[in-house]
Amino acid sequence: MENARAGRQRLNIMLPGPLVEEAKALGLNLSRACESGLEAAVAAERARRWQADNRPFFDWYNAKVEKDGLLLAEYRQF
């Protein structure tokens, strides 16, 4: 059992009571549901930061395509 918890951290969180009661009534595993939600939030924030960090390149590339057209566009078959 201890191996199953390896790398996991115990914490206390506050959640709305009615939401917790409904989740329990539906048989949801609260820890897994919170973990899934946190994973999604972390992935979304990583993506947002990556886009923000790379915004100068996107702007430069879009301006270049606008000015010069797509690289090798003459070879496109669609």
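The first residue of the sequence shown is numbered 1, and numbering continues consecutively from there.
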ring-ring contact (aromatic ring centres under 6.0 Å, His included) pairs touching residues 23-44, sequence neighbours excluded, are none

For this session: Step through the shown structure and confirm whether more than 12 heavy atoms of other residues, nucleotides or ligands are within 6.0 Å of CD on Glu74.
Result: yes

Contacts of Pro18 meeting side chain to side chain contact (heavy atoms under 4.5 Å, CB included) (sequence neighbours excluded), chain-then-number -> Pro16

Applied to residues 11-38, the ring-ring contact (aromatic ring centres under 6.0 Å, His included) test, sequence neighbours excluded, yields none

With sequence neighbours left out, the residues meeting side chain to side chain contact (heavy atoms under 4.5 Å, CB included) with Leu71 are none

By salt bridge (Lys or Arg N to Asp or Glu O under 4.0 Å), Asp68 pairs with (sequence neighbours left out) Lys64

List, one per line, each side-chain donor-acceptor pair under 3.5 Å for residues 36-49, sequence neighbours excluded.
residue : atom : partner : partner atom : Å
Ser36   : OG   : Arg32   : O            : 3.0
Glu45   : OE1  : Arg48   : NE           : 3.1
Glu45   : OE2  : Arg48   : NE           : 3.3
Glu45   : OE2  : Arg48   : NH2          : 2.6
Glu45   : OE2  : Arg49   : NE           : 2.7

Ignoring hydrogens and angles, write down the donor-acceptor pairs under 3.5 Å from the side chains of residues 56-63, residues two or more places apart or on other chains.
residue : atom : partner : partner atom : Å
Asp59   : OD1  : Arg55   : NH1          : 3.4
Asn62   : ND2  : Phe58   : O            : 3.2

Students should find that the hydrophobic cluster of Leu26, defined by side-chain heavy atoms under 4.5 Å apart, otherwise consists of Leu28

The remaining residues in the hydrophobic cluster of Leu15, counting side-chain heavy-atom contacts under 4.5 Å among Ile, Leu, Val, Met, Phe, Trp and Tyr, are Leu11, Ile13, Val20, Leu30

Residues 7-34 vs ring-ring contact (aromatic ring centres under 6.0 Å, His included), sequence neighbours excluded, gives none

- Please say whether more than 12 non-hydrogen atoms of neighbouring residues, nucleotides or ligands are located less than 6.0 Å from CD in Glu35. yes

Note: with side-chain heavy atoms under 4.5 Å as the link, the other cluster members for Met14 come out as none

